[in-house]
Structures are given as structure tokens and as C-alpha cells.
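Counting starts at 1 for both ligands and their atoms, in listed order.
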Amino acid sequence: MLNGDVRTASHSALTCRVCSEIMADGEVRTLHEGPDISVVIPVYNEEDNLAPLHRRLTSVLQALGRRYEVIYVDDGSEDRSLDRLRAFTDCDSHVRVVELARNFGQHAAILAGFSLARGEVIVTLDADLQNPPEDIPKLLAALESGYEVAGGWRTNRRDPTLRKLASRVVNWMTRLATGTPIHDHGCMLRAYRREIVQEILRCEERAAFIPALANLLARRSAEVPVSHGERVFGRSKYSPLDLLRLCFDLLTGFSLLPIQLVSLCGVVVALGGVTFGAFLLVRRLLVGPEAEGLFILFALLFVCLGILILAVGIVGEYVGRIYLEVRRRPAYRIRAVYSGGSDP
Ligand code: UDP
Ligand code: MG
């Protein structure tokens, strides 16, 4: 706040609330040092997408007429993404490039970008251009109207059918786990007020699922319909197994519901077993001994065994999460940060 450039601006939700002062003549004087908007983009093997992305993003941000920065986080790419990103810093002073030590995953990369973002509003965007940067103003307008978080909602999603189905399951589970009525938790075209991002960083969770966490923290969050395109270059980094892992992460990271459901199942199965036992006893007294029904017993045994294994798995998932948390290993490691001139 102290050494920032001093300029006057009309009052707006995008100017820093902490650093804005209403002067005697009624003007709002902004003493904020950082930019108004930070755009954080995780990048993992996206070399062919980066040039069109940067071109389109820059023209959107310049048209807004606000101070901005773009933070690209290279998440251990094995292609030439990092070289391409570093080339941006030579000719564009708005760009900073964070190089992570290895591939830590999309959400860890976004957290690394958050830790360096200085904007009053922080926007996240994928590097593959599936979400067009041209939709960013819609999200900013939602924040201007008082929301703390604005998330994109891909109403016309252009992904393979199987992928869309998997996302539906993930979204349904997230709604169940967090209790927030959001349709699209997976869309990473989102905008957050700075306070929310700071709270997310304070959470220090190993497997943070950023959109769900932000919606839990925000007083008001909006869902804004955005367009969606097919990936032109490269391919999705999420396999079906990754999505399954994400589901488990979401359920155990945000709620105790699974374990409560399993306990409930245990009670129902136990009661069922007692009732069935009583029924068999009565039958034996009335009809006499009989060997039929043995396979039904086997079937019941397998059902119980399945529930038991599931219960042990879910308990294991929670224990695993606790283990990850107590180890307190960092979610990512920043190797270097490049900005104008490309010197780390
Ligand atoms: N990404 C990343 N690290 C990873 C996987 C993905 O930084 O380990 C980035 C990727 O480069 C892209 C974004 O996260 O910018 C979304 O990835 P992707 O398009 O593969 O996900 P999908 O659209 O299939 O959900
Ligand atoms: Mg994508």
C-alpha cells in the first residue's frame, strides 16, 4: 500500500477495498501496488496452445483497461512449453512464469500461482483454450455485482461422452459432499476475490480441490454460463483412474458422509442378518431341517463381504488423508520464477 503508484479511479469492486481511500472531494484514490487482475494458468505439455492462448488472452485483458498480470505455472512439462513461456517474458512485462520442480498436478500448480498472484481479483484458466479467454469479462462482471467467487458453467460441453459422464458423477458427488448447489465444479475458468484466495492458501490442504474449497469459503458464489470448445492441440491429462481418484478425494476431503453411510449399511446388514436368522429358526421349527437355500446364504455372505471390504477401503481412504496431512509435505516446489528479462 505504501509505495504504490497513486492514481484516481472511479469506485469499483475491482479496485482494492483495503487500499482505496475516499478523498475529501469525494474521489476514490487508489494506492494499491499490485495489479487489479491476476490470471493464473497451469501448463503441462501445452506447447502448441500457448501462442494462440497468449494472443487471445492479452487482447481480452487490454480491452478491459485494467492493470493485469498473467502468471503461467509450468507444471514440469516435458515438451517445449517452458521455453515458449519464457519467450513471453522477453516481450511482455505483464507475464511471470513459475517453473515447478516436477509435475505436481493441476490443482497444486494453481496453488503455486495463487501464492504469487498480487491482483485484487484472481482468474484461473486452462491453457488448452477449451475455455475461451473471451469469457473472462462475464466472470468479472459477476464479481463486480457483489459475488466473491464466479465459476464458469460449461452448458455446451465439448468433451468425449465418457468424459462428460464421468464429470457428471464428479459433480454429483461434489454437490453431495459440499452441499453447494453448483452444476459445474470441474470448469477451471473461474474468478475469485483476493480474500478467498488467501483463505484457500491458508488451508494448506494436500489434496485441495480449489473450486469446492472456494465455494465453501465464499459467502456468495455465482455460476456463469461459458462456452466450451474441443481441444485442438495435445490431449487431456486426466485418465479415468485420475477422475476416480478425484472422486475419492472430493468425498473424503469434504465430508464424513461416506463413512456415515457405511456405518448405516453396517447397521442395516446386521439387522437384516438377525431377521433372516430368526426367519430360518422359525422355518426349522415349522418345516423341519432343509438343505435348500444354501446358495442364497452364499449370496448374502458375498454381499456382506463386499460391504465389509468397501468399509475398510473408505476407512483406509480417511487414514490415508490423515497420513498425508500429518507428513506436511509441500504440495509443490517452485524451482524458479521468470519475469521481464527471463533471469530467474
Ligand atoms: N495441467 C497441469 N498439470 C497436470 C495436468 C494438467 O498443469 O498434471 C493443466 C493442463 O495443462 C491444462 C489444465 O491443467 O492447462 C487442464 O488440463 P486438461 O485440459 O488435461 O484437463 P481436462 O480439460 O481434460 O479436464
Ligand atoms: Mg482441457
Discussion item. Quick test of your reading of the structure: of R163, R157, R154, whose heavy atom lies closest to atom 22 (P) of ligand 1?
Written reply: R163
Worksheet item: Considering only heavy atoms, which of G234, A109, P42 lies nearest to atom 9 (C) of ligand 1?
Response: P42
Please state whether the rings of [X] and [Y] are parallel, tilted or perpendicular, taking 30° and 60° as the class boundaries.
X	Y	result
F114	Y192	perpendicular
F88	H54	parallel
W153	H183	parallel

Item to complete: Find the distance between CG (D36) and CD (E120) and round it off to the nearest 0.5 Å.
Response: 7.5 Å
Return the residue, atom name and 0.1 Å-rounded distance of the protein heavy atom closest to [atom].
atom	value
atom 3 (N) of ligand 1	D75 OD2, 2.6 Å
atom 8 (O) of ligand 1	N103 ND2, 3.1 Å
atom 1 (N) of ligand 1	Y44 CB, 3.8 Å
atom 13 (C) of ligand 1	D126 OD1, 3.4 Å
atom 19 (O) of ligand 1	D128 OD2, 2.6 Å
atom 24 (O) of ligand 1	S236 OG, 2.5 Å
atom 20 (O) of ligand 1	K237 N, 2.6 Å
atom 12 (C) of ligand 1	E46 OE2, 3.4 Å

Worksheet item: Based purely on interatomic distance, does A127 place a nitrogen or oxygen under 3.5 Å from a nitrogen or oxygen of ligand 1?
Response: yes
Worksheet entry | Within-cut-off N or O pair, Y238 and ligand 1, under 3.5 Å | no
Within the 4.0 Å heavy-atom shell around [X], which atoms of ligand 1 are there?
X	value
Q130	23 (O)
R231	18 (P), 19 (O), 20 (O)
V43	7 (O), 11 (O)

Discussion item. Please determine whether S236 has a backbone or side-chain N, O or S atom lying under 2.8 Å from the Mg ion (ligand 2).
Written reply: no
Worksheet item: Hey, does the side chain of S81 reach the backbone of Y44 with a donor-acceptor pair shorter than 3.5 angstrom?
Response: no
Discussion item. When you measure from the side chain of E199 to the backbone of L217, do you find a donor-acceptor pair of N or O atoms at a distance under 3.5 Å?
Written reply: no
Worksheet item: Does the side chain of T124 reach to within under 4.5 Å of the side chain of I210, using non-hydrogen atoms?
Response: no
Discussion item. Just so I know, are the side chains of T58 and Y68 near enough to count as touching, which here means a heavy-atom distance under 4.5 Å?
Written reply: yes
Item to complete: Kindly give the atom name of the N, O or S atom of D128 closest to the Mg ion (ligand 2).
Response: OD2
Worksheet entry | R154 and S167 side chains, donor-acceptor separation under 3.5 Å | no
Item to complete: Would you kindly check if the NZ (Lys) or CZ (Arg) of R102 is within the cone defined by 45 degrees around the ring axis of F104 and under 6.0 Å from the six-membered ring centre?
Response: yes
Worksheet item: Hey, is M188 one of the residues with a heavy atom under 4.0 angstrom from ligand 1?
Response: no
Worksheet item: Taking I41 as the fixed residue, which of L125, I110, V123, L85 is the one that meets the side chain to side chain contact (heavy atoms under 4.5 Å, CB included) rule?
Response: L125
